[in-house]
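Written out below as structure tokens is the structure these notes cover.
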Amino acid sequence: MRSHRNRLRLAGAVLAALAVTTSAACASSASPGTAPAPGASALAHASGPLTVTLWHGLGGAAGKALQQAVDTFNAGNPDHITVRAVFQGSYEDTLAKYTSAIRDGSTPDVLLSSDVTTGFIHDAGQTISAQDLAAANPGDLDLDDIRPAAKNYYSADGKLLSVPFNTSMPMLYVNDALLALAGVDKGSLSTMDGLVAAARKIHSALPGVYGFLQPEAAGWWFEQMTAAAGEEYCTPDNGRTGSGATAVSLDGPAQHAALQAVVDLYTGGVALDTGSDGDAAVSAFASGSVAMMFNSSAVIGNLAAVGMSGYTALPLPLSGPADTAGPLIGGASLWVDGVGHDAAHQVASSKVVSYLASPQVQEQFSHASGYAPINLQVDDSPTQRQFLAQNPAWAAVMQEFDRTPASAATAGCLTGALPGIRQAVVAAMDSAYAGTTTLDAAIAQAEAATASIVADYREQAGR
């Protein structure tokens, strides 16, 4: 009963937060359910054909590609399972509806939810871990086939919580012609020091051209620079062990140096500020107004849509050691709900998730949506090799996946308070980028604000 009350309290707290800001999840609850995961025999005891409801927030090409995969599954699976995919709006809308469903006892069988919600869903205690389901159903998804960088992000206490589905990577995009005109060697851009020097050189050599652009992206880039410094964004252990994150750390030596370097580019007029408008960032790069841009691998399709060519996608520059430093993934993962769902539906849901993570679906979905395939077996596909040969930007994305170490830093911060943390950090850091305050003052403001957010979250959790 206590865990049930905690889940209701968690859902109520998140709904209250969502009434104020559509992307805040600010409470925690019991750990995920500990009942044994059911095996394939549960399907034999089902009273008839099973319908699995899948909630998601994918629109556009990605949403169409998901529905196509669902239709193919429904037409051919041998277990008489039907998937009903339900678009719930944005990721934030999906989270709001899911928290309402926790309170009402009406959660879907499967939830596709964004990376930033991982901590909340883990803490909500509704789901069965992907690790346990895979162990109980050995004929389904082989977890060794999931890319280590993606598996690392969605794991806690050494256990995979959910199965990544649509996954992106942060990249450095460079305008080949502008770099050549400025005399910048792309080989120098593997480190933050090299990036900063190149940005200054470009801006000095090419009047009217900015050297660099970093979109706000709801604080994702501050987390990226932290991971690329080989440091943890929250303590202890990036929230991946024990009772979870207790604080946010923004002042590690390498982390601070990387943040200061970017702040100096903005305050020195070398970097272009496009605010939170993602389309404006892409347009500025495509028009040649800026020579180098941090952005997600998901914008490769956007660049093609606006006719951009003559650019190179490079891995995120590092400021820390290569054996621990690297990028964080973005995107969303698939969670199987356990509370309120019988064993047959849990196993049916696991089979649906396994199908959606299979190499054939992942390859098709990747080519149609612009997200990277998370199944390693896709790499051996002749059509995938041909696709990468014809699309060097995507080849660079896959190379970045392959080189990313599965470290505590690249796992990212696991806390249900992360959406609120991102907003607080952006609000504080904006003042440093605008030059109205120092980086140290902005960090102090951000750490004070995030301390309150984390404390409130942990209080709701009873931790």
Side-chain angles (χ1 to χ4, degrees), residues 115 144-154 164-176 179 184-195 198 214 220-221 223-225 227-230 258 285 292-304 308-331 357 359 362-407 409-412:
D115 55 326
D144 288 338
D145 288 339
I146 298 176
R147 296 192 186 280
K151 188 188 298 184
N152 188 38
Y153 188 94
Y154 292 111
F165 176 66
N166 54 303
T167 303
S168 59
M169 272 285 190
M171 306 294 292
L172 171 64
Y173 297 87
V174 301
N175 183 308
D176 297 336
L179 264 63
V184 171
D185 178 5
K186 285 183 284 190
S188 68
L189 301 176
S190 62
T191 66
M192 278 300 297
D193 287 344
L195 170 69
Q214 175 191 289
W220 193 51
W221 290 104
E223 295 160 39
Q224 292 294 352
M225 285 187 284
F285 180 71
M292 298 188 297
M293 171 181 70
F294 278 169
N295 219 312
S296 167
S297 58
V299 306
I300 293 174
N302 297 30
L303 292 172
M308 177 65 175
S309 61
Y311 75 90
T312 299
L314 299 171
L316 188 73
L318 303 183
S319 54
D323 59 340
T324 59
L328 305 175
I329 67 165
Q362 279 293 302
E363 181 178 354
Q364 293 165 1
F365 179 82
S366 173
H367 294 180
S369 68
Y371 287 96
I374 59 89
N375 195 305
L376 288 166
Q377 290 190 36
V378 175
D379 297 349
D380 296 327
S381 165
T383 51
Q384 174 70 354
R385 291 175 178 173
Q386 182 181 18
F387 174 79
L388 295 181
Q390 295 171 347
N391 296 273
W394 270 112
V397 175
M398 303 318 300
Q399 289 166 7
E400 183 166 42
F401 263 110
D402 292 341
R403 83 165 199 176
T404 300
S407 67
T410 62

When rounded to the nearest 0.5 Å, the distance separating CG of Asn375 from CZ of Phe365 is 14.0 Å

Evaluate the criterion side chain to side chain contact (heavy atoms under 4.5 Å, CB included) for residue pair Thr167 and Phe401; output intermediate values, then yes/no.
CA-CA 10 Å; Thr167 303; Phe401 263 110; 3.4 Å; yes

Are the side chains of Asn175 and Met308 in contact, using a 4.5 Å heavy-atom criterion?
yes

Heavy-atom check, side chain of Leu189 versus side chain of Met292, under 4.5 Å
yes

How close do Ile146 and Pro164 get, counting heavy atoms only, and between which atoms?
CG2-CG, 3.7 Å

If you define the side chain from C-beta out and look only at heavy atoms, does anything of Tyr311 sit under 4.5 Å from Leu179?
no

If we ignore hydrogens and angles and just use 3.5 Å, is the side chain of Asp115 paired with the main-chain N or O of Gly330 as donor and acceptor?
no

Do Met169 and Thr404 come within less than 4.5 Å of each other through their side chains, counting heavy atoms only?
yes

Quick one: does any side-chain atom of Glu400 pair with a main-chain N or O of Leu314 as donor and acceptor, under 3.5 Å?
no

Rounded to the nearest 0.5 Å, what separation is found between the CZ atom of Arg147 and the CD1 atom of Ile374?
8.0 Å

Do the ring planes of Trp221 and Phe294 sit parallel (below 30°), tilted (30 to 60°) or perpendicular (above 60°)?
parallel

Are any of the side-chain heavy atoms of Pro373 and His367 separated by less than 4.5 Å?
no

Nearest-0.5 Å distance, OG of residue Ser407 to CG of residue Asn152
6.5 Å

Can you find a heavy atom in the side chain of Asn295 that is under 4.5 Å from one in the side chain of Phe285?
no

Side chains of Gln362 and Phe165: closer than 4.5 Å at any heavy-atom pair?
yes

So which atom in Thr312 and which in Lys186 form the shortest heavy-atom distance, rounded to 0.1 Å?
OG1-NZ, 3.1 Å

Taking Gln384's backbone N and O only, do any of them form a donor-acceptor pair with Glu363's side chain (distance below 3.5 Å, no angle check)?
yes

Provide the closest heavy-atom pair for Ser296 versus Trp220 in the form atom of the first, atom of the second, distance.
CB-CZ3, 4.1 Å

Thr410 side-chain N/O to Pro405 backbone N/O, donor-acceptor pair under 3.5 Å
yes

So does Tyr371 get a backbone contact from the side chain of Ser366, meaning a donor-acceptor N/O pair under 3.5 Å?
yes

Would you compute the distance between atom CG of Asp379 and atom CG of Leu388 and round it to the nearest 0.5 angstrom?
8.0 Å

Heavy atoms of Gly230 and Ala325 approach each other most closely as N-CB, 3.5 Å

Who pairs with Arg403 by side-chain contact (heavy atoms from CB on, under 4.5 Å), at least two apart in sequence or on another chain?
Pro315, Leu318

In terms of heavy-atom contacts, Ala396 and Ala313 come closest through CB-O, 3.2 Å

Tell me the closest heavy-atom pair linking Pro317 and Ala228, and the distance in Å.
O-CB, 3.7 Å

Could you state the interatomic distance from CG (Leu376) to CE (Met398), rounded to the nearest 0.5 Å?
8.0 Å

Do the side chains of Leu316 and Met225 get nearer than 4.5 Å, heavy atoms only?
no

